[in-house]
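Since the structure comes first, as structure tokens, the remarks are kept for the end.
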There are 2 protein chains.
Amino acid sequence: MDELDSAIVRLLQTDARQSNRELARQLGIAPSTCLERVRALTRRGVIRGYHADIDPVALNRGVQAMVSVQVRPLSREVINTFKTSAAEMPEVLSVFVLAGGDDFLLHVAVRDLDHLHAFLLDRLSKRKEIVGFRTSVVFQQVQKAAPSRLP
Amino acid sequence: MDELDSAIVRLLQTDARQSNRELARQLGIAPSTCLERVRALTRRGVIRGYHADIDPVALNRGVQAMVSVQVRPLSREVINTFKTSAAEMPEVLSVFVLAGGDDFLLHVAVRDLDHLHAFLLDRLSKRKEIVGFRTSVVFQQVQKAAPSRLP
DNA sequence: CATGGTGGCGAATTTTATGCCGTTCCAGTC
DNA sequence: GACTGGAACGGCATAAAATTCGCCACCATG
């Protein structure tokens, strides 16, 4: 993971679809070298994949919310069960298992507020292990295009 | 945004680097048709870009936390200022502006707990508009590879 | 029944990926 | 100073892919 690797990763985070030639050109190295570097990064698991970034509205997900959830009892089994169930719900983008006051944080994205309400009442509340949850609607989200490597 | 567009989007979310031919093959359409569809989706802003998914540890970001923040006064100016400042901090992956008890939620990723502590005390606490914040360390994260289009 | 627009198709052309290999450069070692 | 291993380079050949473009089927419309 030298300076060149970092630069490759940075460029691929910004645009994963540029050709190997273009990548090499921007880095000032030979395409063959660049290709081998990218492969090595993939082999080592540094590059885990490539994903398209899609407009949420086109996916009927114009409304986002963060839902913090408390479950009981706090056993490994209950945690795992809830984590898996939550992750399988189509409205849920990601599940965070937390240390602290809340046990989970769910990042959800739905079509509209009606859908959010329905999700909370009809799907989430149905789960017996939940002893409380709190929902915060997301007004805006600023997302970093490419998190850089920290020093 | 017909059924075919949805399928294209789904496949590109899963693997943005597969060739246009492979994409077309999986969809049962001609490569030229597929290319035109992808371009149209890009023109319409449905596809916003392509990003490499990088192992956080390789970026010195093995520890994640969610930090909920309250600021005062709740003016448009203070909100915007804090939002921008937070987004510019390298430790911050994304900033959510929330409705409800908390005003912001920061998703941060740092090298280790020492770094997290330093970030909270030396960078975040320095901001005068903050009247309180609460940090939850992330034990695990389950992230959906490809959020599907909701019905 | 024309007719114009849309979307799709597939052949042709250009560009890229990929593997291979001899050469060069550099750093560390003797 | 000579040697050596590793990394990068650059050229080349082949395969694969991207991109272009003319043509056709379909369909709603007048």
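The shown structure was predicted, so the numbers you read here are calculated from the model rather than taken from an experiment.
When the side-chain nitrogen and oxygen atoms of A:Arg37 are compared with OP1 and OP2 of D:dA8, one or more of them lie within a distance under 4.0 Å. The shortest distance between the side-chain N/O atoms of B:Thr33 and the OP1/OP2 oxygens of C:dG7 is not below 4.0 Å.
Rounded to an integer number of Å, the gap from A:Leu23 CG to C:dT18 P is 12 Å. Between the CZ atom of B:Arg21 and the P atom of D:dA15 there is a distance of 14 Å, given to the nearest Å. Atom CD of A:Gln18 and atom P of D:dA18 are 15 Å apart (whole Å). The CD1-P distance, from B:Ile8 to C:dG7, rounds to 12 Å in whole Å. Across the protein-nucleic acid pair, B:Arg25 atom CZ and D:dA18 atom P stand 13 Å apart, rounded to whole Å. The separation between B:Asn20 atom CG and D:dA16 atom C1' is 12 Å, rounded to whole Å. The distance from atom CZ of A:Arg17 to atom C1' of D:dA18 is 10 Å, rounded to the nearest whole Å. Per the geometry, CG belonging to A:Leu35 stands 16 Å off C1' belonging to C:dT15, to the nearest Å.
For the side-chain contact (heavy atoms from CB on, under 4.5 Å) with B:Val63, the lone residue among B:Val108, B:Leu113, B:Val138 that qualifies is B:Leu113.
No donor-acceptor pair under 3.5 Å is formed between the side chain of B:Glu91 and the backbone N or O of B:Arg123.
Ion pairing between A:Asp5 and A:Arg149 fails under the 4.0 Å rule for side-chain N and carboxylate O. Using a 4.0 Å cut-off between charged nitrogen and carboxylate oxygen, B:Arg17 and B:Glu22 do not count as a salt-bridge pair.
Remark on DNA chain C: of its neighbouring residues A:Glu22 and B:Leu4, the 5'-side contact belongs to B:Leu4, judged by nearest-heavy-atom nucleotide.
Among the heavy atoms of the strands lying under 4.0 Å from B:Arg39 are primed sugar atoms or P, OP1, OP2 only; no base atom is included. Residue B:Ser32 is classed as a base contact, given a heavy-atom separation below 4.0 Å to a base.
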